[in-house]
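Treat the numbers as computed from the prediction; the structure is a model and nothing was measured. FYI, the numbering just counts along the sequence from 1.
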Amino acid sequence: MTIRFKKSRNNQGVLYCIRQDGSESWSRIRPGLALHDLAHYVVEKAMGFRQAFFGLVDQGFEIGDFEAPRSERPEELLPVNLPLESIQAEYLVNQLQTDDATGTDSASFLSTLQQTLNEKGLPVPEGLDQHLVDLMRDQYRRLVFQWMTLSPGQVMEFSFDLP
């Protein structure tokens, strides 16, 4: 799948996902969500998640399905039915964004995430270690910088092909 972030004014834009079969899903990016979506890309790609936001869009769900009121979402996307990877991805994305915004060092990332997931009765994703955390943090910062310096009308494009 190809993911495109097209910038418009006020750091907003449009998110396009073009699947291998040529079908597309797109949505205007609400204020503040571009960075959240970039964090999803980083986390899902690094972790190899196929059952989180971009993986589910690649499987045929529409971006709008995730934005819809709960009463209008597909049954599979109701919080109680979401795959474990999808839930873990949200916690990873939130931790990544919070740490970046507050300048928290990477050493506390894993312990904070583990504590949060334990409180929710969720396991830490397999394979997550300090090296992977550092890689995700670095990539996220690079993509945020790229997004922030993009001019209106310009596009960032990524491949979301997992092995």
Side-chain angles (χ1 to χ4, degrees), residues 1-102 113 116-117 120 122 125 128 132-133 135-163:
M1 180 169 74
T2 300
I3 300 169
R4 288 188 188 129
F5 288 81
K6 183 175 182 180
K7 188 140 185 204
S8 59
R9 295 185 178 157
N10 301 326
N11 289 330
Q12 296 179 28
V14 179
L15 172 62
Y16 299 91
C17 294
I18 302 98
R19 301 178 189 96
Q20 291 294 328
D21 66 4
S23 63
E24 292 185 20
S25 183
W26 68 275
S27 178
R28 294 194 190 286
I29 301 172
R30 294 186 319 229
L33 281 186
L35 302 186
H36 184 80
D37 291 341
L38 287 171
H40 261 283
Y41 171 76
V42 168
V43 165
E44 292 180 42
K45 188 86 170 176
M47 296 301 301
F49 283 173
R50 298 172 185 271
Q51 298 292 310
F53 176 69
F54 284 113
L56 294 171
V57 170
D58 193 29
Q59 293 172 34
F61 288 99
E62 297 297 322
I63 296 169
D65 292 339
F66 295 87
E67 300 167 344
R70 288 185 183 183
S71 62
E72 297 173 21
R73 288 183 195 173
E75 188 75 21
E76 299 91 342
L77 298 183
L78 293 175
V80 68
N81 298 328
L82 286 171
L84 177 60
E85 282 183 359
S86 184
I87 297 165
Q88 290 171 319
E90 284 303 324
Y91 283 104
L92 277 162
V93 164
N94 290 336
Q95 186 71 41
L96 187 62
Q97 287 190 275
T98 299
D99 280 12
D100 187 63
T102 61
L113 179 68
T116 302
L117 291 174
K120 302 293 182 184
L122 299 168
L128 183 63
L132 195 52
V133 167
L135 288 174
M136 287 189 294
R137 287 170 57 105
D138 289 344
Q139 184 177 17
Y140 177 67
R141 286 183 181 138
R142 282 194 306 274
L143 293 180
V144 167
F145 177 79
Q146 186 179 349
W147 175 254
M148 298 308 279
T149 58
L150 214 62
S151 297
Q154 289 185 313
V155 173
M156 294 172 61
E157 184 172 293
F158 311 103
S159 172
F160 188 78
D161 299 322
L162 298 174

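- Salt bridge absent: Arg137 and Asp100 never bring a charged side-chain N and a carboxylate O closer than 4.0 Å.
- Rounding to the nearest 0.5 angstrom, the gap separating the CG atom in Asp58 from the CZ atom in Phe54 is 10.5 Å.
- For the residue pair Glu90/Asn94, the side-chain donor-acceptor check at 3.5 Å is not satisfied.
- In this structure, Met136 and Val43 have side chains that are in contact, with non-hydrogen atoms separated by less than 4.5 Å.
- Taking a 6.0 Å sphere around CZ of Arg28, one finds it holds 12 or fewer heavy atoms contributed by other residues, nucleotides or ligands.
- In plain terms, the two heavy atoms of Gln95 and Leu113 that are nearest each other are OE1-N, 4.2 Å.
- The two atoms that bring Ser151 and Lys7 nearest to each other are O-CB, 3.9 Å, heavy atoms only.
- In this structure, Ser25 contributes its side chain and Ile63 its backbone to a donor-acceptor pair below 3.5 Å.
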Query raised in the report: Would Tyr91 and Thr116 satisfy side chain to side chain contact (heavy atoms under 4.5 Å, CB included), going step by step from the backbone distance to the final call?
Result: CA-CA 8 Å; Tyr91 283 104; Thr116 302; 3.7 Å; yes
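- Nearest heavy atom pair, residue Leu15 against residue Ile29, reads N-CG1, 3.6 Å.
- No donor-acceptor distance shorter than 3.5 angstrom exists from the side chain of Ser86 to the backbone of Ala52, with no hydrogens or angles considered.
- Judged by distance alone, with hydrogens and angles left aside, the side-chain atoms of Asp65 form no donor-acceptor pair with the main-chain N or O of Arg73 at under 3.5 Å.
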Query - Trace of the side-chain hydrogen bond (donor to acceptor under 3.5 Å, both in side chains) decision for Glu67 with Ser27 - result: CA-CA 9 Å; Glu67 300 167 344; Ser27 178; 3.0 Å; yes
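- Counting heavy atoms from C-beta outward, Arg30 and Gln12 have side chains that stay 4.5 Å or more apart.
- The environment of Lys45 atom NZ is dense: over 12 non-hydrogen atoms of other residues, nucleotides or ligands sit within 6.0 angstrom.
- The ring pair (Phe, Tyr, Trp, His ring centres under 6.0 Å) test with His40 singles out one residue from Phe53, Tyr140, Phe49, and that residue is Phe53.
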Report task. Take Val57 and Phe66 through the test side chain to side chain contact (heavy atoms under 4.5 Å, CB included) and record every step on the way to the result. Result -> CA-CA 9 Å; Val57 170; Phe66 295 87; 3.8 Å; yes
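- For the pair Val144 and Leu35, the tightest heavy-atom approach, listed with the atom from each and the gap, is CG2-CD2, 3.8 Å.
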**Report entry** side-chain hydrogen bond (donor to acceptor under 3.5 Å, both in side chains) assessment of Gln20 paired with Asp161
**Finding:** CA-CA 9 Å; Gln20 291 294 328; Asp161 299 322; 3.2 Å; yes
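- For Pro79 against Ile87, the heavy-atom pair with the smallest separation is O-CD1, 4.4 Å.
- Using bins of under 30°, 30° to 60° and over 60° for the plane-to-plane angle, the ring pair Trp147/Phe5 lands in the perpendicular bin.
- Contact annotation: the side chain of Gln88 never approaches that of Met47 to less than 4.5 Å [non-hydrogen atoms, C-beta and beyond].
- Between Arg19 and Glu62, at least one side-chain N (NZ, or NE/NH1/NH2) sits under 4.0 Å from a carboxylate O, which counts as a salt bridge.
- Under a 3.5 Å cut-off, the side chain of Thr102 and the backbone N or O of Thr98 do form a donor-acceptor pair.
- The closest side-chain heavy-atom distance from Tyr41 to Asp37 is not below 4.5 Å.
- Here the side chains of Met1 and Ile3 are in contact, with some heavy-atom distance below 4.5 Å.
- With hydrogens and angles disregarded, a donor-acceptor distance shorter than 3.5 Å links the side chain of Glu44 to the backbone of Gly55.
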Requested in this report: Before giving the answer on side chain to side chain contact (heavy atoms under 4.5 Å, CB included), spell out for Thr2 and Glu157 the whole-Å C-alpha distance, their side-chain angles and the decisive distance to 0.1 Å.
Outcome: CA-CA 7 Å; Thr2 300; Glu157 184 172 293; 3.5 Å; yes
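- Counting heavy atoms from C-beta outward, Cys17 and Trp26 have side chains that stay 4.5 Å or more apart.
- Put simply, the side chain of Tyr16 reaches to within 4.5 Å of the side chain of Val14, judged on heavy atoms.
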Report task. Check the pair Lys6 / Gln154 against side chain to side chain contact (heavy atoms under 4.5 Å, CB included), numbers first and verdict last. Result -> CA-CA 6 Å; Lys6 183 175 182 180; Gln154 289 185 313; over 6 Å; no
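- Residues Phe158 and Leu38 have side chains in contact (heavy-atom distance under 4.5 Å, counting atoms from C-beta outward).
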